[in-house]
Amino acid sequence: MNSKRSVVANAGDKGTDTEQRPLRARDGLSEQDHLEILKQLYLARYFDVRLIKEKRRGRLRGTLYSSHNQEAILVGTLYGLRPSDWISPIHRDMPAFFLKDLRGNWDNDDRMGMSIGEVCAQVWGRATAPGRARDNWSHIGDASKGIICSTSMLAGTIPVAAGVVYDAKLKGEDTVCLTYNGEGSTSQGVFHEAINFAAIHKLAVVTIIENNQWAYGTPLELGSPVEDVADRAKGYDIPGLIADGQDVLDVLDKTMWAVERGRAGKGPSLIECKTFRAYGHGDHDDDRAAKYRGADEVEKGRSRDPIAVFKKYLVEKGILTKAEAKKYSPEGKHANETTDEDFPPDVVDIMKKGVEFALDSPLPEASEATKWVFAEPRR
Amino acid sequence: MNSKRSVVANAGDKGTDTEQRPLRARDGLSEQDHLEILKQLYLARYFDVRLIKEKRRGRLRGTLYSSHNQEAILVGTLYGLRPSDWISPIHRDMPAFFLKDLRGNWDNDDRMGMSIGEVCAQVWGRATAPGRARDNWSHIGDASKGIICSTSMLAGTIPVAAGVVYDAKLKGEDTVCLTYNGEGSTSQGVFHEAINFAAIHKLAVVTIIENNQWAYGTPLELGSPVEDVADRAKGYDIPGLIADGQDVLDVLDKTMWAVERGRAGKGPSLIECKTFRAYGHGDHDDDRAAKYRGADEVEKGRSRDPIAVFKKYLVEKGILTKAEAKKYSPEGKHANETTDEDFPPDVVDIMKKGVEFALDSPLPEASEATKWVFAEPRR
Amino acid sequence: MSAVIAEGTQTVNMLTAIKQALFEEMEREPGMVCIGEDIGILGGAFGVTEGLQDRFGAERVIDAPISEALIVGAAVGMSMRGRPVMAEMQFIDFISCGFDQIVNNAATMHYRTAGKVSLPMVIRGPSGGYGGGGPYHSQQNEAWFAHSPGLRVVCPSTPSDAYGLLKTCLRDNNPCIFYEVKELYRKREIEEQIPGGDYTVPLGKARIAREGSDLTFVTYGNMVYFCLEAAVKLAEEGIEAEIIDLRSLVPLDDEAILNSIKKTNRVIAVNEAPMTCGFAGEILARVNEYAFEYLDAPPARVTRTDTPVPWVKPLELAVLPSVDDIYEAAKRAVNY
Amino acid sequence: MSAVIAEGTQTVNMLTAIKQALFEEMEREPGMVCIGEDIGILGGAFGVTEGLQDRFGAERVIDAPISEALIVGAAVGMSMRGRPVMAEMQFIDFISCGFDQIVNNAATMHYRTAGKVSLPMVIRGPSGGYGGGGPYHSQQNEAWFAHSPGLRVVCPSTPSDAYGLLKTCLRDNNPCIFYEVKELYRKREIEEQIPGGDYTVPLGKARIAREGSDLTFVTYGNMVYFCLEAAVKLAEEGIEAEIIDLRSLVPLDDEAILNSIKKTNRVIAVNEAPMTCGFAGEILARVNEYAFEYLDAPPARVTRTDTPVPWVKPLELAVLPSVDDIYEAAKRAVNY
Ligand SMILES: Cc1ncc(C[n+]2csc(CCOP(=O)(O)OP(=O)(O)O)c2C)c(N)n1
Ligand SMILES: Cc1ncc(C[n+]2csc(CCOP(=O)(O)OP(=O)(O)O)c2C)c(N)n1
Ligand SMILES: [Mg+2]
Ligand SMILES: [Mg+2]
């Protein structure tokens, strides 16, 4: 089973629409924004690294679907959002839940989401988790925070996103909803039904496809006849952009283009972010993945660490000196090889506080198990 | 609700593939083939006309989904098939069940399907119907006849077609399966799942879309963001052809192109046949349809009767004289306005025998109602 | 084209009662949205939503693509932001195409968010056999949903119950599957006046459709009328059957069932769905649990055979419960 | 990488037994095809199909896209031409995404074609709770399918039953939903030798997992072991429970249930699915119908509460049946 899959190296610019691209979102970023974005990349990485280690030590239940090597997608898609915007992250997107809340100054809007403490509480299965740990890991959400609580069923949040945006539109709001999906999930029927509806009603649903080339043990070419999953967009006459998933600013540019287009009432977009899954599908799959994926493929796929790519850019732009860029260097390292010294202290500290919050939190009580099956009537 | 829908007038040639088109299938037709095709068009029309009248007189149970004005699609798609090929007609395709069995000389192959008597037995709910009338009207099939028995759930036979062709491929057979669908049905999730799979495995599934501009009471633009439903093909990088659904030879050409392509192992195609629904969705909807569709639209949509279009061609080609062409002229007439004199006597006779067979057949017995829930083990 | 009927002045059929409830709730809740196939321009396959789009506009009365999973999922998205949604299945049989979104997403959202998100949504659609619909236009598939915790499951049998329960469900904060027996839509004999005022019917309260002392029929939907007919036959023999019309299956009025059995000591559960794991079986299971000591005869059920619903009349009638089936089950119970 | 074990020479766990059956049937039926997500290159999420693609090739062991409806529909298409098909659901929970194709298409094909078309297909997948899987990796949703006429529904509890029943189902000519309790896949205590020869287990025959005279547990899957544990506790008090492991729910071995109740006069049905309209309820309903006169105590059931299965341990255990729940229900029955 050898493939000619395009990996991140070929990521380019491609869209099915012919509308002119607006100014690049990156042009509006201040120096502080750049540093904030770097910090968020570190934090996303550190969160994952820390959990991988906890998991190895047997301290966590459930499965960890590492977002290692895919962090630029999360940071880049979220950085430009407004508080009123919605998201629906899935299994590989754990950092998204708190990244939505890390305040940048993009567009002078505050954003909102969950605190890192709440997300840690979820991972550790505590009562302070957003859903009191009734479902695992990424299955959390809260309407008041603009986050759809997903089920396990892949692509299942896209119709919900369409409903959220339809609702907002009726209220005269210009809310955008970003849904996250693996390339494998684009084969689900409901993906088609929902994007079709969003296209008909010009709903600002932006479907982010993290094309990491593998869906569990199934390579792209067995899940999709098109190498560029962005081509799925053509069936609906909506833009299908390809972003370099390793380049946070390319992801930001393309996301914000689609987001602003959506806000302007022009409808949904699909953004394929080319990337590569660093480890196994979940932590339980690391050993097998080492067998079903060639070492070459893995090496090549991990060769453009998003932290390295962004740092290089910052140095070129003169925002960081070479020495500053070198100071904290988790890039290119396996999670197990990194130490806290590889990360900025404030990042380590944010996570530390999150974990502390979780560990200080009580477990849910058995007595609440039959609560909240039904809600009280509206009135 | 006014629309800029393309109606049959704009039907053109369009495909997503760049492969060269083979010789036109029509070029291989003998004079006799042409006359046979005309006969089949008459027969399809007469079958429908007769049933419309029976229905009005209250002699039939269930709903009649008229194929009036769409007959060229059925005749054109079926005329070139081989005995080993499969089809899965749906509600609006009743004549397909027996047209598959009317012997033409295309490619010197015999074809097979159901007899018109069996189909009539189905309509009249008799025990001689292929499924002993356990489900209604178009819900009949038989593996031995290469016909998938559909459920009511639209697009639900496409995955089955993929399975049929996969099975044949494994056996080294070059079977093609044609599935029939309305344009409205292309919004079902399973449509996407099945075509995606067929495209991945290069299965000879040819999806015929009868785009008659309306799905029950819903116009095309509320069911699809693309005016040319053929564009759905682009998401799978498969050919999406547009045929003039009023022109039996255009349908034949494009179908046979896709069929031969499929036989050659190059995978599935989608063929959108532009047409227009002559009456209401079903006979129960005729009165309402007259309200929700403008008279102009209906008049325009019915302005190119497939029998007239084909006759004109035959006269131009010198196969029919003008006088011969005029002799039997149901074209352009409402079913209720036609009489048996509008049809060739052999056509009337074929149908007459079919109806007789039905009426001579017994009703299924109540005692068989609980039979065939389960099959006997294979051995 | 108004569906509004002057209060309490005329008798209406069930279809009109449902239409009326929809119009009134759309009026009352300016945020409410309806979504479904052909519900707008056409006014619905059965005409339940006729005039609704004219009155409330195409944004609030959405003609959806033929995409049941989308319809349910979008209803979840809208309702999770507080907007009441009515989602129509053109026939309740097609609910299978949106099944995952219902049982795994809608049903469990409140639970999974520990009460933070509620979904005021009603999925309603025409159901039931006896009309010659065949396997895909005859289903009463309520048991699938009764077995999926987090859903209300409702099936009224009279115009005023349909009216009052639909209102209650639309004002509830939970996803609901609302079965409308299509054979009852236009049934003349059951036309009635809708009580005036802001009439609603509570969930989880059964209705005594007939009082009796000798045995209890527990049923709902169209089967209420079959039981009534059987009861007339039984009465001729001096056997007085009580009929409990459950109206809502989830929540279920266990108390009404228990009270009746205390009196009659015999119970027959009737549903038109297949036997195995159907709701009639659930009634029997519960009766065992809380009324065993009051039983003078084995609790029994009358249901469809475990087959699809065939199209042709003699077969359709052979698999669906008949008045005779019910009558005979009752006789067996009484003669036990 | 062969899964083939020397006949009858070693004990195997349930997962190996199932794998073995698959290998042997693929060998025996050169036409047989397997289709599912990640079953080929990966060898399945749980490794059930490990080595299968190496041995039989990618054409017969298909790595499908994440498209459950396609998987089922394609299996229908292949099997309607006589080809036996095993379709895997990665977790049985995801079967909801292929629901329509199962209940409306596969289940009824034989019926609708008046016996002309048969579908030799088995849909199998890992099921059940107690593993901390949360709402979407813990389901035992067999009742949905037991309520959908035309499907075999099977759930074995021992390696040799899994082996013998999977073979029977693959050789049957009907669509089958085959539940593999994942908590039993690698359970050491239940490892056993697979009988030699062409060993199969018939459908519709229950297994007596324990003989007893005082009450009958009717159950299947993982609950068999919970009942066994409860039986040990009960035995300490001199109460001897008989345990009927149904193995196949459709068809059901009513006779075995009846015979046991004739002896014990008390019955407790146990399933780990939600209570309402679950299979335990179905057992109670049937018991009423054919064993009422033998009952000395109300038939009872022990089930999951009518909730999803929550993730965190204390909550998960609170909603699922426990050995204590079963023990107490038995005591109540005995002390009635
Ligand atoms: C409907 C459904 N089917 C199957 C699964 C099991 N499953 C979980 S993740 C996964 C692979 C997903 O691949 P992809 O969408 O590419 O995302 P990635 O894990 O690569 O980020 C599968 C098959 C599921 N969650 N939902
Ligand atoms: C899954 C599903 N949903 C809804 C229906 C009800 N229904 C039957 S035909 C129809 C309209 C079909 O329109 P189209 O596909 O364009 O075919 P046409 O009738 O125009 O030929 C609808 C909604 C159905 N049969 N199946
Ligand atoms: Mg992937
Ligand atoms: Mg149409």
- Message: Quick one, Y336(D) with E293(C), criterion side chain to side chain contact (heavy atoms under 4.5 Å, CB included). Give me CA distance, side-chain angles, the key distance, then yes/no.
- Response: CA-CA 10 Å; Y336(D) 179 80; E293(C) 56 205 83; 3.6 Å; yes

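The most heavy-atom pairs under 4.5 Å with chain C, out of L249(D), T108(D), V287(D), come from T108(D). Chain D forms more heavy-atom pairs under 4.5 Å with one residue of P274(C), G281(C), A300(C) than with any other, namely P274(C). Of the listed residues (A280(C), A69(C), G278(C)), the greatest number of heavy-atom pairs within a distance under 4.5 Å of chain D belongs to G278(C). Interface summary for chain D: among P135(C), A285(C), P310(C), P298(C), the most heavy-atom pairs under 4.5 angstrom belong to P298(C).
Ring planes of F99(C) and W144(D): perpendicular class, angle over 60° (limits at 30 and 60°).
Here the straight-line distance linking atom CG of D100(C) with atom CG of D100(D) works out to 12.5 Å at 0.5 Å rounding. We find the SG-CG distance between C97(D) and N104(C) to be 7.5 Å, quoted to the nearest 0.5 Å. Here the OG1-CD distance, from T276(C) to E282(D), works out to 4.5 Å after rounding to the nearest 0.5 Å. Within the model, atoms CZ of R332(D) and CD of E289(C) stand 9.5 Å from one another, a figure rounded to the nearest 0.5 Å. One distance of note links OG of S148(C) with CG of N141(D); it measures 9.0 Å at 0.5 Å rounding.
If you measure heavy-atom distances from R286(D) to chain C, the contacts under 4.5 Å come from both the backbone and the side chain. Residue V153(D): no heavy atom, backbone or side chain, is found under 4.5 Å from chain C. Proximity to chain D is limited to the side chain of V319(C), based on heavy atoms less than 4.5 angstrom apart. Neither the backbone nor the side chain of L252(C) has a heavy atom closer than 4.5 Å to any heavy atom of chain D. Contact of A291(D) with chain C is not made at all, since no heavy-atom distance falls under 4.5 Å. If you measure heavy-atom distances from I95(D) to chain C, you find no contacts under 4.5 Å at all.
Considering every non-hydrogen atom in both H147(C) and A143(D), the closest pair reads NE2-CB, 3.5 Å. Taking both residues in full, the closest heavy atoms of N288(C) and L284(D) are given as ND2-O, 3.8 Å, listed atom of the first, atom of the second, then distance. Listed here is the closest heavy atom pair of F279(C) and C277(D): CD1-SG, 3.6 Å.
The number of heavy-atom neighbours closer than 6.0 Å to CD of E255(D), taken from other residues, nucleotides and ligands shown, is 12 or below.
With hydrogens and angles disregarded, no donor-acceptor distance shorter than 3.5 Å links the side chain of Y111(D) to the backbone of T307(C).
A heavy-atom distance below 4.5 Å is not found between the side chains of R112(C) and W311(D).
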